Amino acid sequence: MAFAPPVFVVLWSSAFIAGIPGLQAAPALLLMFARFALAGVLLTGYALVTRAPWPRGRAVAHIAVTGLLIQAVQFGAFYTALGMGFPAAVVSLVQGLSPVVVVLAGRFLGETVTRRQALGFALGAAGVVLAVADRVSLSIWGVLLCLLGLLGLSAGTLYQKRFVPRMDVRTGTAVQLLVSAPAVGLACLAVETPRVSDWTAFGASVTWMVLVNSIAAFILLNTMLLRWSAGRVSTLFFLTPSVTAVLAWLLVGQSLHPLAVAGLILGGAGVLLANRRDAPEQAADGGGPDSSPAAPTARPSAGETDTEENLESSGKVL
């Protein structure tokens with residue numbers, strides 16, 4: 001699992017770049033509908049082929065809620081803001097503040113924060129601000145949409161860790177996507193004119209976001225949430241603004257400001273500090289990279305027993 005955090009950050013950050021041609025070719029919610037629907041179908045097929053255990057009972061409802069929050073609300077809001085012309089750097093800035101929100105609400109999960117971790121959060125937040133300090137522009141609707149996306153990501157992360165910390169990442173992510181697709185599709189019909197002006201750009205954008213962002217990145221995210229605390233996983237979002245700036249420089253020729261480089265370094269230091277634990281904390285948290293999903297931080301809730309039985313009978317989790 002040592003490779004998971006850096007790979008996740010790169011894959012997650014690439015969504016902002018992949019979304020640029022798609023948003024030029026189609027409305028934001030139509031783009032998200034295509035992403036969720038196709039990714040959900042593909043991941044469902046993969047789960048069936050690998051005979052992954054499907055959630056039952058209340059676990060299905062809990063996973064559906066996390067899907068609507070993390071998928072539909074977060075990405076629907078963020079990409080609508082991008083489609084309105086709100087700068088991608090500012091969107092990634094707001095998304096990068098998710099660790100602060102998660103930590104402030106951490107008592108919901110019974111998680112504690114050490115002084116070292118608090119310093120890490122502070123450095124990470126400072127790195128986020130530095131990364132986009134030269135690009136900030138504001139509009140009231142863009143700000144509100146970004147705040148809505150932040151709420152969806154943070155609330156979904158906490159909700160999943162509290163109610164379904166042991167869900168199988170294959171079937172769980174598939175359920176999240178399949179629930180989110182019709183919700184975003186209905187929103188598209190209600191507030192947008194669903195039309196594609198460039199099918200090549202639209203197809204390329206959707207393909208990347210489906211395979212890389214909706215499947216690979218979310219399998220990594222859900223796997224890390226199985227093994228580590230929500231606060232620890234969320235610190236990775238401190239790095240997304242700077243990594244997004246680096247990817248934009250490499251892939252689409254956008255200038256790389258020195259502040260973005262400084263933000264990447266500072267954000268990286270914050271993540272390292274926030275993820276560094278003392279031995280007693282690891283034992284209490286179950287939080288080392290090699291810890292087993294069978295010993296989650298959160299107390300199992302009603303409705304989670306079905307999922308646990310499924311996992312035990314299958315004997316495998318990605």
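These numbers come from a predicted model, not from an experiment.
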Main-chain N/O of [Y] paired with [X] side-chain donor or acceptor, under 3.5 Å:
X: Thr66; Y: Ile63; value: yes
X: Ser197; Y: Ala25; value: yes
X: Ser205; Y: Ala18; value: yes
X: Lys161; Y: Gly156; value: no
X: Thr173; Y: Arg170; value: no

Can you tell me how far apart [atom1] ([X]) and [atom2] ([Y]) are? Round to the nearest 0.5 Å.
X: Met84; Y: Trp141; atom1: CE; atom2: CH2; result: 8.0 Å
X: Leu150; Y: Leu145; atom1: CG; atom2: CG; result: 12.5 Å
X: Leu148; Y: Thr80; atom1: CG; atom2: OG1; result: 9.0 Å
X: Leu69; Y: Gln176; atom1: CG; atom2: CD; result: 9.5 Å

Given side chains that start at C-beta, do those of [X] and [Y] come closer than 4.5 Å, heavy atoms only?
X: Ile70; Y: Phe218; result: yes
X: Thr44; Y: Trp54; result: yes
X: Glu192; Y: Phe33; result: no
X: Met209; Y: Met32; result: yes
X: Leu225; Y: Met167; result: no
X: Leu68; Y: Val179; result: yes
X: Ser14; Y: Leu247; result: yes
X: Pro194; Y: Leu189; result: yes

Could you pull out all residues at least two apart from Ser180 that satisfy side chain to side chain donor-acceptor pair (under 3.5 Å)?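 Partners of Ser180 under the side chain to side chain donor-acceptor pair (under 3.5 Å) test: none.
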State which residues pass side chain to side chain donor-acceptor pair (under 3.5 Å) with Gln74; sequence neighbours excluded, sorted by chain then number.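 Gln74: side chain to side chain donor-acceptor pair (under 3.5 Å) contacts with Gln95.
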Give the C-alpha distance, both sets of side-chain angles, the deciding distance and a yes or no for side chain to side chain contact (heavy atoms under 4.5 Å, CB included) between Leu220 and Phe3. CA-CA 10 Å; Leu220 279 176; Phe3 72 92; 4.2 Å; yes
Taking it one step at a time, do Ile20 and Gln24 satisfy side chain to side chain contact (heavy atoms under 4.5 Å, CB included)? CA-CA 6 Å; Ile20 293 174; Gln24 293 172 346; 3.8 Å; yes
Can you name the nearest heavy-atom pair linking [X] to [Y], along with the distance?
X: Val60; Y: Pro55; value: CG2-O, 3.3 Å
X: Pro53; Y: Asp168; value: CD-OD2, 3.5 Å
X: Ala64; Y: Val175; value: N-CG1, 4.5 Å
X: Val9; Y: Leu236; value: CG2-O, 3.8 Å
X: Val191; Y: Leu29; value: CG2-CD1, 3.7 Å
X: Ala47; Y: Thr171; value: CB-CG2, 3.7 Å

Is there a path of hydrophobic side-chain contacts, each under 4.5 Å between heavy atoms of I/L/V/M/F/W/Y residues, joining [Y] to [X]?
X: Leu211; Y: Val41; value: no
X: Leu31; Y: Leu186; value: no
X: Val169; Y: Leu178; value: no
X: Leu221; Y: Leu151; value: no
X: Ile17; Y: Trp208; value: yes

Ring centroid separation for Trp12 and Phe75, is it under 6.0 angstrom?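 Yes: the rings meet the under 6.0 Å criterion.
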From Leu43, Thr207, Leu177, Val210, residue fulfilling side chain to side chain contact (heavy atoms under 4.5 Å, CB included) relative to Leu38: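 Considering Leu43, Thr207, Leu177, Val210, a side chain to side chain contact (heavy atoms under 4.5 Å, CB included) with Leu38 is found only for Val210.
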Given the rule in the side chain to side chain contact (heavy atoms under 4.5 Å, CB included) test, do Gln160 and Asn222 qualify, once you have shown the distances and angles that lead to the verdict? CA-CA 9 Å; Gln160 178 171 319; Asn222 288 331; 2.9 Å; yes
Working for side chain to side chain contact (heavy atoms under 4.5 Å, CB included), residues Leu42 and Ile215: CA-CA 9 Å; Leu42 290 177; Ile215 295 181; 4.1 Å; yes
Partners of Phe36 by ring pair (Phe, Tyr, Trp, His ring centres under 6.0 Å), sequence neighbours excluded?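 Once residues adjacent in sequence are excluded, Phe36 has no partner under the ring pair (Phe, Tyr, Trp, His ring centres under 6.0 Å) criterion.
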